[in-house]
Amino acid sequence: MIRSKRFIFLALAVFAALSFLFLGPYKAQLPDAASVIRDGQHTLSSGNSQALLTGHAIAPKLGNATAKAELGRAAWKLMHTTFARFPEKPTDEEKEALRQYVHLFQRLYPCGECAEHFGQVLKKYPPQVSSQKAAAQWGCFVHNVVNKRLQKPEFDCDEIAKHYDCGCAEEDKDKDKEPKAA
């Protein structure tokens, strides 16, 4: 019994020593949360945000064609729904948020090859963020640019709202039910 307790104590001591030796130096290199936030703010406020937005695609090539197709459909649904929900009269801050979102979406897209191609599209046709209608029409236009490259049918941009519901239908119905002031 005493022997097993000594063994357990010795094993724990060895484990603690090894943990300190192997993990201790790495912990000293990890930044604290405050410095990460401070450095992130410095990077964006120092004018480097353009490089952050227009850099190369981060993800590697996605070889699985089925996964690539599912991802593409989901991504376009997200993008078109985002554009449909964008304000008709956005503030300057909202315009910049959407512009940055589109660029970061491109850089972080999980299919690196797709992201690189979309990056070329963005260079030629930057996001239009002046209004909901402008964003939605731009989204449809660039979707058609991608579809043409992939030899897929193009959307009628006048009908884009029928393909990608903004989720507003319930809100619109509720507005219709509200009593009108006399």
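All heavy atoms count here, side chains included; hydrogens, waters and symmetry mates do not. Because the structure is predicted, anything quoted here is derived from the model rather than measured.
The aromatic rings of Phe83 and Trp138 stand perpendicular to each other, their planes meeting at an angle above 60°, with 30° marking the opposite boundary.
Between Tyr109 and Ala75, the closest heavy-atom pair is CE1-CB, 3.5 Å. What you find for His103 and Leu53 is that their closest heavy atoms are CB-O, 3.4 Å. The minimum heavy-atom distance between Pro110 and Ala59, with the atom names listed, is O-CB, 3.4 Å. Nearest heavy atom pair, residue Gln106 against residue Glu116, reads NE2-N, 4.3 Å. Of all non-hydrogen atoms in Leu78 and Thr82, the two that sit nearest each other are O-OG1, 2.7 Å.
Between the side chain of Asn147 and the backbone N or O of Lys152, no donor-acceptor pair lies under 3.5 Å. Judged purely by atom type and a 3.5 angstrom limit, Arg107 uses its side chain to pair as donor or acceptor with the backbone of His56.
Residues passing the salt bridge (charged side-chain N to carboxylate O under 4.0 Å, His left out) test with Glu159, sequence neighbours excluded: Lys162. When the salt bridge (charged side-chain N to carboxylate O under 4.0 Å, His left out) test is applied to Asp92, the partners found at least two apart in sequence or on another chain are Lys95.
Counting only heavy atoms from C-beta outward, the side chains of Ser131 and Lys89 never approach each other to under 4.5 Å. Taking 4.5 Å as the limit, every side-chain heavy atom of Leu98 sits out of range of all side-chain heavy atoms of Pro90. Considering only heavy atoms from C-beta on, Val142 comes within 4.5 Å of Trp76 through its side chain. Residues Asn144 and Cys157 meet the side-chain proximity criterion, which asks for heavy atoms closer than 4.5 Å. Within the 4.5 Å cutoff, no side-chain heavy atoms of Cys111 are placed close to those of Lys61.
With values rounded to the nearest 0.5 angstrom, Met79 atom CE is found 5.0 Å from Phe105 atom CZ. Going from atom CD of Glu96 over to atom CZ of Arg99 covers 4.0 Å, rounded to the nearest 0.5 Å. In this structure, SG on Cys140 lies 8.5 Å from CG on Asp158, to the nearest 0.5 angstrom. Atom CD in Gln137 sits 8.0 Å away from atom CD1 in Ile160 (nearest 0.5 Å).
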Contacts table for residues 117-130: side-chain donor-acceptor under 3.5 angstrom, sequence neighbours left out:
unit_1 : atom_1 : unit_2 : atom_2 : d
His117 : ND1    : Glu113 : O      : 3.1
His117 : ND1    : Arg149 : NH2    : 2.9
His117 : NE2    : Arg149 : NH2    : 2.9
Gln128 : NE2    : Pro126 : O      : 2.9

